[in-house]
Number of protein chains: 4
Amino acid sequence: MRYNRTYGKFVEEYEKESVVQMKNKIIATSIELFEKQGFTETSIQHIVDALDVTKGTFYYYFQSKEQLLMDIHTQYIDDLLYRQQQLIAEHRTAKERLTAMLHLLIEDIEIQGARARVFLREMRHLIDTNSVEVKEKRDEFRLVIEEVIRQGIETGELLDSLDPAITAFAFLSLTNYSYNWFNPHGALTAAQLSDAYKDIFFKGIAKEG
Amino acid sequence: MRYNRTYGKFVEEYEKESVVQMKNKIIATSIELFEKQGFTETSIQHIVDALDVTKGTFYYYFQSKEQLLMDIHTQYIDDLLYRQQQLIAEHRTAKERLTAMLHLLIEDIEIQGARARVFLREMRHLIDTNSVEVKEKRDEFRLVIEEVIRQGIETGELLDSLDPAITAFAFLSLTNYSYNWFNPHGALTAAQLSDAYKDIFFKGIAKEG
Amino acid sequence: MRYNRTYGKFVEEYEKESVVQMKNKIIATSIELFEKQGFTETSIQHIVDALDVTKGTFYYYFQSKEQLLMDIHTQYIDDLLYRQQQLIAEHRTAKERLTAMLHLLIEDIEIQGARARVFLREMRHLIDTNSVEVKEKRDEFRLVIEEVIRQGIETGELLDSLDPAITAFAFLSLTNYSYNWFNPHGALTAAQLSDAYKDIFFKGIAKEG
Amino acid sequence: MRYNRTYGKFVEEYEKESVVQMKNKIIATSIELFEKQGFTETSIQHIVDALDVTKGTFYYYFQSKEQLLMDIHTQYIDDLLYRQQQLIAEHRTAKERLTAMLHLLIEDIEIQGARARVFLREMRHLIDTNSVEVKEKRDEFRLVIEEVIRQGIETGELLDSLDPAITAFAFLSLTNYSYNWFNPHGALTAAQLSDAYKDIFFKGIAKEG
DNA sequence: CATGAATGAGTATTCATTCAT
DNA sequence: TATGAATGAATACTCATTCAT
């Protein structure tokens, strides 16, 4: 499982295989249900019924419903940051890097759509320190984009007139909003969508600048 | 009250002024609470406490909590569609129309942010027929944008290479995602943001097309 | 109802008769159950089943189980303090006052034994500010006894060698511990018991001092 | 360990040393927790966490949580009865015997306060036969006091007017209630308290008999 | 001896909704 | 119009106990 790459590294060392397996089973099922019905509307009972275990089992693996949500968020954002770093290392120009990130994020909706949707939608239900922690990581991801844009401006690849912060938000709007409407099982593929967005984002829509 | 323009039209014909007033008071208070805490997390008790009335009063004006949410959605989207039509009538070129819509939507977050956020966030809690009805109106709004883009391509204002549907989604991504991060009380004004977005959307970010 | 004397004064002015009645019914039933099974072992379900109402009803009248316990404690200790003041006013000498308090407390076990037992036993389950509040009132009651003893020493009624604080605790030990074993339905009456305790407390058990 | 004197006698014959040790470790830890939080509020999980073992270990040594409580009670009351017998053997007059018992019980709160408090507070949680068994031993302890008083009356040491049963309860009230308020770490020592109580109990508080 | 995953019945509390007044 | 007492079903969470390993 791809999403387990980074998370797994740390976990497997001190948690038994079976514990990790059951934890991941609970997470996988929860993600499906959270996506369909929303976090609040999905009860622990729903989750354990779907898994054919009892509530006690759930609470053996997770301290609380909120902790489960936090685990989902942490897995997702940690993996995303890891892949962002890889991609930065693999590419040099701002255009290449932004294109790669566009592909990364939109293909994520194709590959692990439910997980992405839960991540983008349900953050509000994290409490106190947890929401701060996730927010910081999301900011980190965004600031990397901002920095790529800033460097692109400096190197002359991108327009001088751009505000890097606003432009980073524009970039994230395109990718993050797409989970609202993009259907990976429809006629339009993720590759086509990210290509189309790449053109719009880089060249704009008007005929002459 | 601006949001009452279209809604009022139908209502005032068969409902007494005072009924409309109390209904709007409940709606206004609910929007504030829904924005702060979310729809599910806000109880009827919260709402009536904030208004210093009793539950019975609430249920005299609304059949259910969901019906209240539906009313909020209907008011919002009807008003938006009305203003979209006005703006289409006032402008001729695709660029002008798109620019006007960009301003409309982003300034909405400044002027009636809570209402916009509740609209964009809580649609999931509408039930079957209601969610279909709202979805149809949202589609209607989007298809107008699509049509403006299509005409812009035909008239040569916009690039031939564009897919009007995807481009309309890109447009809506910029506007609709901004409620997630744009703070109307911050240093950046809505006017500045919509200007920046206009540039990015029309001209792109790359130095040479 | 005697225990409602002071409590009632304030309540009846702003709460409807029927609310007070249901509240008192819930309190009365809860006291019975708390006495028999203990606070923790008595569930809200037990209470509402005994009353043939639903859980919702319980929570309409009480914010929480702990709040119910607090109400029971407040009613009890407020009434006790009130009666202590009356009795102080009615008597002059230390002997008379202590005798009257002995009667008061032991007859309380006869008349409203369950209430007294719950009060003496379950204070531990009050939280934070509530337990402090009740503790302060219990201390107040005790300090009045201490003061009566102190004055008795000064006037020459009581032995100079006494430590008023320890003596007050000795007094309260006799009365408060009796709920553990004294059965009001047995052969020994409350009047006989308080008489016997009065003799022991004033004259001691040894043949010559 | 003092509290193991009598208990140990029987146990060591058929249980391995290590079993007894682990059992006593569990008991010691449980007493601490029961005292701080109460029996019901302390979970097996709390206990085993504090000991850094697992639930399985607990259930290897005790059939149930209630059985653990019973063991605590049995150890305590058996030890108390044993020391009461010793003290009866060591002293002859009623005054000496009662004074010795007063010291015994109040110093117990100083030396093994938690154990005493758990014993006095949590008996209610013993089930049927167990609670009967403990009650019988507590009665036995009380009846020895009663008998000492009876003999004191006969020998002319104590007042003829006393009811031995009531007087024994008065005695136990002084000792047993003290765990509610007496703080062994405060300025007042157990020796001072038992001396003060001895005077009050023997000579009373009034200036002339 | 000891583990720890799993159970199942329980707990306090919440809340949208109804309805007699 | 409005009240507010009552419902009933749901919710997150706890915990003593069991048992295969």
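Chain letters run A, B, ... following the sequence lines, proteins first and then strands; every chain starts at 1.
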(message) Under 4.0 Å, heavy atom to any atom of DNA chain F: which of residues 42-54 of chain A qualify?
(response)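 DNA chain F contact set from residues 42-54 of chain A: A:T42, A:S43, A:I44.
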Rounded to whole angstroms, how far apart are [atom1] on [X] and [atom2] on [N]?
X      : N      : atom1 : atom2 : result
C:L69  : E:dA12 : CG    : C1'   : 14 Å
D:H125 : F:dA16 : NE2   : P     : 12 Å
D:I26  : E:dC1  : CD1   : P     : 12 Å
C:Q21  : F:dG4  : CD    : P     : 17 Å
B:Y60  : E:dT18 : OH    : C1'   : 16 Å
A:E66  : F:dT11 : CD    : P     : 19 Å
B:M22  : F:dT3  : CE    : C1'   : 12 Å
C:I127 : E:dT13 : CD1   : C1'   : 14 Å

(request) Could you give me the CA-CA distance, side-chain angles and deciding distance for A:Q75 and A:D71, then say whether side chain to side chain donor-acceptor pair (under 3.5 Å) is met? (result) CA-CA 6 Å; A:Q75 281 192 10; A:D71 276 22; 6.0 Å; no
(request) Could you tell me which residues satisfy salt bridge (Lys or Arg N to Asp or Glu O under 4.0 Å) with D:K135, sequence neighbours excluded, listed by chain and number? (result)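 Counting only residues at least two positions away or on another chain, D:K135 forms a salt bridge (Lys or Arg N to Asp or Glu O under 4.0 Å) with D:D139.
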(message) The criterion is salt bridge (Lys or Arg N to Asp or Glu O under 4.0 Å); which residues satisfy it with D:R117, sequence neighbours excluded?
(response)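 Testing D:R117 for salt bridge (Lys or Arg N to Asp or Glu O under 4.0 Å), a comparison that skips the adjacent residues, returns D:E35.
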Is there a side-chain contact between [X] and the phosphate of [N], meaning an N or O under 4.0 Å from OP1 or OP2?
X     : N      : result
B:K65 : E:dA16 : yes
D:T57 : E:dT3  : yes
D:Y59 : F:dT17 : yes

(request) Name all residues meeting the side chain to side chain donor-acceptor pair (under 3.5 Å) criterion together with A:E32; count only those two or more places apart in sequence or in a different chain, and write none if there are none. (result)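 None.
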(message) Can you list everything that forms a side chain to side chain donor-acceptor pair (under 3.5 Å) with D:S43? Sequence neighbours excluded, please.
(response)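 Only D:H46 meet the side chain to side chain donor-acceptor pair (under 3.5 Å) criterion with D:S43.
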(request) Name the residue closer to the 5' end of DNA chain E, choosing between C:G56 and B:Q63 according to the nucleotide with the nearest heavy atom. (result)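 So the residue in question is C:G56.
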(message) For B:V118 versus B:I72, what's the shortest heavy-atom pair and its separation?
(response)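 It is CG1-CG2, 4.3 Å.
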(message) On a heavy-atom basis, which atom in C:L68 and which in C:S30 lie closest, and how many Å separate them?
(response)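 For C:L68 versus C:S30, the nearest heavy atoms are CD2-OG, 3.3 Å.
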(message) Quiz question: going by heavy-atom distance under 3.5 Å, is there a donor-acceptor pair between the base of E:dT17 and the side chain of B:K55?
(response)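 Yes, a donor-acceptor pair under 3.5 Å.
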(message) Return whichever of B:F58 or D:T40 has its heavy-atom-nearest nucleotide of DNA chain F closer to the 5' end.
(response)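 The 5'-side residue here is B:F58.
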(request) Tell me, with the steps shown, if B:E122 and A:R124 meet salt bridge (charged side-chain N to carboxylate O under 4.0 Å, His left out). (result) CA-CA 12 Å; B:E122 310 287 6; A:R124 172 179 11 157; 3.2 Å; yes
(request) Look up atom CD in D:E133 and atom CE in D:M70, then write down how far apart they are to the nearest 0.5 Å. (result)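 Going from CD on D:E133 over to CE on D:M70, the span is 3.5 Å.
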(message) Give the dot-bracket line for DNA chain F from 5' end to 3' end: parentheses for intra-strand Watson-Crick or G-U pairs under 3.5 Å, square brackets for crossings, | for inter-strand pairing, dots for unpaired.
(response) .||||||||||||||||||||
(request) Using a heavy-atom cut-off of under 4.0 Å over every strand shown, decide if C:Y61 touches base, sugar-phosphate, or nothing. (result)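 Sugar-phosphate contact only - C:Y61 comes under 4.0 Å of backbone atoms but never of a base.
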(request) Please name the residue in the list D:F39, D:F119, D:F34 that meets the ring-ring contact (aromatic ring centres under 6.0 Å, His included) test with D:H125. (result)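 Testing each of D:F39, D:F119, D:F34 against D:H125, the sole residue satisfying ring-ring contact (aromatic ring centres under 6.0 Å, His included) is D:F39.
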